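No experiment lies behind these values; they were computed from the predicted model shown.
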Amino acid sequence: MAAVSGLVRRPLREVSGLLKRRFHWTAPAALQVTVRDAINQGMDEELERDEKVFLLGEEVAQYDGAYKAGLRPICEFMTFNFSMQAIDQVINSAAKTYYMSGGLQPVPIVFRGPNGASAGVAAQHSQCFAAWYGHCPGLKVVSPWNSEDAKGLIKSAIRDNNPVVVLENELMYGVPFEFPPEAQSKDFLIPIGKAKIERQGTHITVVSHSRPVGHCLEAAAVLSKEGVECEVINMRTIRPMDMETIEASVMKTNHLVTVEGGWPQFGVGAEICARIMEGPAFNFLDAPAVRVTGADVPMPYAKILEDNSIPQVKDIIFAIKKTLNI
């Protein structure tokens with residue numbers, strides 16, 4: 001109380017000075033945005049920017065050859081497993097029209113929705129279509145991981161004059177990520193065909209896309225405590241694939257592990273390994289490349305079997321140690 005009384009009896013200017021010296025500023029908390037909100041933000045901005053952009057899908061509207069009328073539809077699938085009902089239109093019409101018209105008829109359409117394994121929805125609703133659509137010339141295929149990816153890629157997809165497949169992940173929709181200031185701009189775009197190095201490393205290159213990128217970063221954090229530094233690459237785009245970034249990393253680390261949630265045969269990891277073998281980075285490898293994939297079975301319904309059918313952090317750590325022979 002005596003201290004307080006002393007302050008009260010002092011001139012206001014002195015008291016203000018004392019209070020200022022005792023006041024500490026803390027840095028503002030980084031903005032957190034969920035993947036779902038980032039996607040919606042990106043679409044809202046593009047709908048506002050260009051009156052030709054509109055939404056269609058289940059309980060949204062009706063497909064009627066909109067791109068032929070000069071519009072830019074965003075077609076939402078409730079899940080990409082349902083895109084099988086439209087695969088003739090996606091593969092035989094959308095993917096080929098620009099080419100078969102000699103470049104006279106662009107097809108600016110976005111096909112978006114959740115892809116890959118969710119939780120407890122069994123074999124018919126748990127497939128990854130990255131390899132399916134990535135196989136087809138004429139399509140561009142992107143696969144975002146975090147909120148920054150989600151907004152930047154959906155905006156680039158909407159502005160592209162080619163059909164773009166946007167493979168989201170249902171389990172990531174509600175996950176918040178730090179949203180950098182540049183991503184908050186209405187002009188923010190992530191170029192299609194460009195990967196991002198999420199973590200720098202020197203001992204091994206780990207390449208992934210979508211939800212498994214987070215698993216790779218977790219595995220890298222664990223291994224860092226053991227003296228192993230992993231370089232983690234977020235592909236962002238499946239087609240066209242950014243092999244320059246992957247090759248440059250492999251030439252630096254001399255080791256490669258690929259991680260994906262899809263099946264192993266003819267998968268994204270298989271394509272990466274083939275291109276490494278055929279390209280300049282092959283001679284830099286000190287050990288065979290290793291793939292971590294989903295199990296080569298229809299997705300089981302039982303949770304314990306489901307968990308063992310998709311890559312986990314422990315599987316990635318095991319593959320990295322196997323590759324490095326430690």
Side-chain angles (χ1 to χ4, degrees), residues 79-81 83-84 87 114-119 121-136 139 141-143 145 165 167-171 195 204-220 230 232-239 241-243 246-247 249-250 255-279 281-282 285 287-325:
T79 161
F80 260 96
N81 297 277
S83 73
M84 294 294 94
I87 200 165
N115 170 69
S118 180
V121 291
Q124 293 175 315
H125 300 85
S126 301
Q127 300 161 106
C128 177
F129 289 90
W132 294 56
Y133 289 115
H135 182 66
C136 181
L139 294 177
V141 183
V142 300
S143 181
W145 165 54
V165 175
L167 301 172
E168 302 156 7
N169 187 283
E170 184 175 345
L171 296 178
I204 190 166
T205 299
V206 185
V207 184
S208 188
H209 68 94
S210 190
R211 184 170 178 251
V213 173
H215 296 341
C216 293
L217 289 171
E218 288 182 46
C230 304
V232 178
I233 297 178
N234 173 9
M235 294 180 68
R236 286 182 165 175
T237 303
I238 305 300
R239 185 183 185 105
M241 192 177 289
D242 182 6
M243 283 306 300
I246 298 172
E247 286 176 342
S249 179
V250 170
H255 299 88
L256 172 65
V257 168
T258 67
V259 183
E260 62 187 303
W263 294 314
Q265 189 157 320
F266 311 115
V268 174
E271 177 67 15
I272 293 171
C273 291
R275 292 206 197 180
I276 289 294
M277 184 186 72
E278 296 167 350
F282 176 71
L285 285 175
V290 173
R291 293 180 295 155
V292 179
T293 71
D296 196 22
V297 297
M299 181 64 73
Y301 176 72
K303 187 177 187 311
I304 189 169
L305 296 178
E306 180 184 67
D307 290 344
N308 282 280
S309 296
I310 52 179
Q312 305 293 338
V313 173
K314 62 179 177 62
D315 302 317
I316 300 169
I317 292 174
F318 178 82
I320 292 171
K321 289 187 173 182
K322 174 184 175 183
T323 306
L324 295 174
N325 195 28

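Among all heavy-atom pairs drawn from Y133 and S83, the shortest one is OH-OG, 2.7 Å. Scanning both residues, T258 and G269, for their nearest heavy atoms gives OG1-CA, 3.5 Å. Considering all non-hydrogen atoms of both residues, A117 and N169 come closest at O-ND2, 4.0 Å. When all heavy atoms of H209 and S143 are compared, the pair lying nearest together is ND1-OG, 2.9 Å. Taking all atoms of both residues into account, the shortest heavy-atom contact from W132 to M84 is CZ3-SD, 3.4 Å. Closest of all the heavy-atom pairs between C273 and R291 is SG-CG, 3.9 Å.
Atoms CD and OG1, from Q124 and T79 in turn, are 11.0 Å apart once rounded to the nearest 0.5 Å. Rounding to the nearest 0.5 Å gives a distance of 6.5 Å between NE2 of H215 and CD1 of I310. One finds the CD atom of E247 at 5.0 Å from the CD1 atom of I276 (value rounded to the nearest 0.5 Å). One finds the CD atom of E260 at 8.5 Å from the CD1 atom of I238 (value rounded to the nearest 0.5 Å).
W263 places a side-chain N or O within 3.5 Å of a backbone atom of V297 that can act as its donor or acceptor partner. E170 places no side-chain N or O within donor-acceptor distance of the main-chain N or O of S118, the cut-off being under 3.5 Å. Judged by distance alone, with hydrogens and angles left aside, the side-chain atoms of S126 form no donor-acceptor pair with the main-chain N or O of M299 at under 3.5 Å. The main-chain N or O of Q312 is found under 3.5 Å from a side-chain atom of D315 such that the two form a donor-acceptor pair. A distance-only check finds no donor-acceptor pair linking the side chain of N325 to the backbone of K321 [under 3.5 Å]. Not one N or O on the side chain of N115 forms a donor-acceptor pair closer than 3.5 Å with the backbone of L167.
Remark: of the listed residues V165, N81, V141, I87, N81 is the sole one forming a side-chain contact (heavy atoms from CB on, under 4.5 Å) with F129. Between V207 and the choices V250, I272, N234, the side-chain contact (heavy atoms from CB on, under 4.5 Å) rule is met once, by I272.
Between L285 and H255 the shortest side-chain heavy-atom distance does not fall below 4.5 Å. No side-chain heavy atom of C230 sits less than 4.5 Å from a side-chain heavy atom of C216. Contact of the S208 side chain with the M235 side chain is not registered, since no non-hydrogen atoms from C-beta on lie closer than 4.5 Å. Side-chain contact between V206 and I233: absent, with no pair of heavy atoms (C-beta onward) separated by less than 4.5 Å. With a 4.5 Å cut-off on side-chain heavy atoms, M241 and R275 count as touching. Contact check for V142 versus R236: no side-chain heavy atoms found under the 4.5 Å cut-off. Counting heavy atoms from C-beta on, the side chains of E218 and I316 never come closer than 4.5 Å. Within the 4.5 Å cutoff, no side-chain heavy atoms of V257 are placed close to those of T205.
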